[in-house]
Amino acid sequence: MWPDDPALSFHDGTQLTFGELDRRVGACRSVLREAGFRPGDKIGLMMANSPSYPVAWLAVCTAGGVAVPINKRAGTRDAGYVLEHSGCSSVVCDASTAPTLAEAAGERNLDLRLVNAEDMASAEWSPPATDLYPGTTANIQYTSGTTGFPKGCLLTHRYWVQMGIGASELIGITKEDRVVTAQPHSYIDPQWNVVVSLLMGCELLILDGFHPSTFMRDVAKHRITVFYCLGVMPTLLLKQPPSAHDRNHALRAVHCSAIPLDKHAEIETRFRAPWFEAFGMTETGINSGVLVKDHDELVGTGCIGNPTSYNEVAVLDGEGRELGPRMKGELVFRGKGFMNGYFRDPEATSTFFKDGWAHTGDLAELDEEGRIYFRGRLKEMIRRGGENIAPGEIEEAVSSHPSVLECAVRGVPDPDFEEEIKAYVVLNEGKSLSAEDLIAYLTGRLARFKVPRYIEFRKDLPHTPSERVAKHLLEKDAESWRLNTVDMRDQNTRSQRTTE
């Protein structure tokens, strides 16, 4: 439709028009088919942000395959679990991720083909599959649950189209907009940004990552008009020295999840643009957002807006009964654009969609106009810098150390990242282990952002009658978590000073 117009631009200066993007995607389909791909195959994607990532994602989906994005920072343990659980037959990778994938496959004895992303650009164009349907699975998108390992969300082609429609509805993106995304492409947000670009014909800039010191410079340089981000990003942007880029830009709006309430007004003043709160989940797509007409009234209130036109919202009590205005309970949605369930986990799927509602695990209340106010989380999830991290996954990794008897992991407050990770560790009798050696053991087994910052060694942990760790009894009060605790950031700083 717009073959000569810019579609995707990248941090290294590469730019693909819509026509060039189509040719690259078709070439990638050819490479996959030559490597033995068949419709329905599950293909992993693990690489840094580059033109190869969205091209490979679109190629897998349009060839009738199932894309399985894997965080480029994943360790062998994280990546190995996703590869094995999903049943990937191949993985598209680059030089930075191939060693991790090879080691992960070896550890789990997986028969895995590695496809080099660099080999994809020059192949012959191959057409899309002819039997794609709205209900065909496009992604198994892994997202951390409240316990154990990540769950694989089954996302269909219908899901992605609805996601693009929802983003356009709430954000009002048009062909004239220029959008930027800075998250790893394995996340849900860069993927729906690509969908919006394809639907609306606007240009999307994909950065190599979020760099607080240069992000607003890139926004100004590339004349970005709108973008979506997570709440940790404005917090880190505010910590940067003031710059002319903060205000000399083309931004008309920013949409963000979890804008810090006490900094919302400051953020808008500093960066000379309205910031709109939005809510969504991998499981449910885009569900709500603050409307332009309500913006001024709702700055700093924690309001996540009204539901999209295709979603219905309710707040339920513990018995599943709907609550009235100004009553706090669990936030639930129903409507269009949801996942088809969790891959190979019918029990979790049934729990999530109990009684026909999608249960977010978040606390909220509605006002008399049906606007939603976020009021906290029911889930145990640790939220660090926009990452949803399941404590159970870290506990399993720590407990696998031969010197460790038992471990509990929880989130503790942090001014920059919302929460940091603390591990409470009990050693086997007669064993010794330093915090530094434990972190060294976890590094490479877990993604860096999952490695605990804080370590506390204890003689024992409190338990419930059913022998589960009673995490609510780990601390006496809100500040006692700091006692007898090693801060690995301080340890690393001291180590650096010693070697300088």
Side-chain angles (χ1 to χ4, degrees), residues 1-34 45 47-65 67 92 94 117-130 132 134 138 157 160-183 185 189-208 215 217-228 249-255:
M1 189 180 297
W2 314 284
D4 299 322
D5 292 347
L8 304 180
S9 298
F10 298 86
H11 57 278
D12 62 359
T14 302
Q15 185 181 76
L16 299 178
T17 65
F18 284 95
E20 290 166 341
L21 178 60
D22 177 61
R23 287 189 288 275
R24 290 282 295 270
V25 170
C28 183
R29 285 193 295 262
S30 291
V31 172
L32 292 174
R33 286 167 176 158
E34 289 170 6
L45 304 172
M47 60 196 111
N49 280 15
S50 70
S52 297
Y53 209 126
V55 165
W57 178 59
L58 291 170
V60 171
C61 295
T62 57
V92 181
D94 58 24
E118 302 300 321
D119 298 336
M120 295 187 164
S122 58
E124 293 294 324
W125 186 89
S126 178
T130 57
L132 293 177
H157 289 268
W160 286 112
V161 172
Q162 196 66 52
M163 179 77 94
I165 292 171
S168 300
E169 175 183 316
L170 287 178
I171 303 176
I173 294 176
T174 69
K175 181 168 173 48
E176 284 67 44
D177 279 309
R178 294 171 64 91
V179 187
V180 65
T181 185
Q183 294 172 272
H185 214 284
D189 300 324
Q191 295 175 56
W192 69 251
N193 274 257
V194 169
V195 173
V196 169
S197 174
L198 295 176
L199 283 175
M200 307 308 299
C202 61
E203 183 179 358
L204 171 65
L205 171 66
I206 300 176
L207 300 178
D208 62 340
F215 181 76
R217 183 192 68 191
D218 287 331
V219 167
K221 175 183 176 181
H222 295 279
R223 306 298 293 167
I224 300 301
T225 59
V226 62
F227 66 85
Y228 169 85
H249 51 66
L251 275 178
R252 63 172 179 81
V254 178
H255 294 257

Is there side-chain contact between Val55 and Met120, with at least one heavy-atom pair below 4.5 Å?
no
Contact between Val194 and Thr181 at the side-chain level, heavy atoms closer than 4.5 Å - yes or no?
no
Tell me, yes or no, whether the heavy-atom count around Lys175 atom NZ, taken from other residues, nucleotides or ligands under 6.0 Å, exceeds 12.
yes
Can you sort out the partners of Glu20 under side chain to side chain contact (heavy atoms under 4.5 Å, CB included), two or more places apart, ordered by chain and number?
Leu16, Thr17, Arg23
Taking only residues at least two apart or on different chains, which pairs with a member in residues 1-23 satisfy ring-ring contact (aromatic ring centres under 6.0 Å, His included)?
Trp2-Phe18
Could you measure the distance from the CG atom of Asp12 to the CG atom of Asp208? Nearest 0.5 Å is fine.
9.0 Å
Nearest heavy-atom neighbours spanning Ala129 and Gly64
CB-N, 3.9 Å
Of all residues at least two apart in sequence or in a different chain, which pass the side chain to side chain contact (heavy atoms under 4.5 Å, CB included) check with Ser50?
Ser52
Heavy-atom closest pair, residues Ala7 and Ser197:
O-OG, 3.5 Å
Smallest separation among heavy atoms of Asp94 and Ala48, with atom names:
OD2-N, 2.9 Å
So, taking the atom named CD1 in Ile171 and the one named CE in Met200, what distance separates them when rounded to the nearest 0.5 Å?
11.0 Å
I need the His185 NE2 to Trp57 CH2 distance, nearest 0.5 Å.
7.0 Å
Val180 vs His222 side-chain heavy atoms within contact, under 4.5 Å:
no
Nearest heavy-atom pair of Ser168 and Val196: which atoms, and what distance?
OG-CG1, 4.5 Å
Would you say Arg178 and Leu205 make side-chain contact, with heavy atoms under 4.5 Å?
no
Report the residues that fulfil side chain to side chain contact (heavy atoms under 4.5 Å, CB included) with Leu251, sequence neighbours left out, ordered by chain and then residue number.
Met216, Val219, Ile224, Phe227, His249, Val254, Ala273
Grab the two heavy atoms, one from Met47 and one from Ala56, that are nearest each other, plus how far apart they are.
CE-CB, 4.1 Å
Any side-chain to backbone donor/acceptor pair from Asp119 onto Val31? Under 3.5 Å, distance only.
no
More than 12 heavy atoms of other residues, nucleotides or ligands under 6.0 Å from CZ of Arg252: is that the case?
yes
Any side-chain heavy atom of Leu58 sitting closer than 4.5 Å to one from Leu198?
yes
Any side-chain heavy-atom pair from Leu207 and Asn49 closer than 4.5 angstrom?
no
Correct closest heavy-atom pair for Pro51 and Thr14 would be CG-CG2, 3.9 Å
For Glu118, what residues pass the side chain to side chain contact (heavy atoms under 4.5 Å, CB included) criterion, not counting sequence neighbours?
Asn116
Below 4.5 Å, heavy atoms only, C-beta onward: do Asn193 and Val179 meet side chain to side chain?
yes
Looking only at atom types and distance, does a side-chain atom of Asp177 sit under 3.5 Å from a main-chain N or O of Thr174, one as donor and one as acceptor?
yes
Under 3.5 Å donor-acceptor, Ser126 side chain and Gly26 backbone
no
Counting C-beta onward and ignoring hydrogens, is there a side-chain heavy-atom pair between Glu203 and Asp5 closer than 4.5 Å?
no
Ring pair (Phe, Tyr, Trp, His ring centres under 6.0 Å) filter on Trp125, not counting sequence neighbours, yields none
Between CD of Glu34 and CD of Glu124, what distance do you get to the nearest 0.5 Å?
9.0 Å
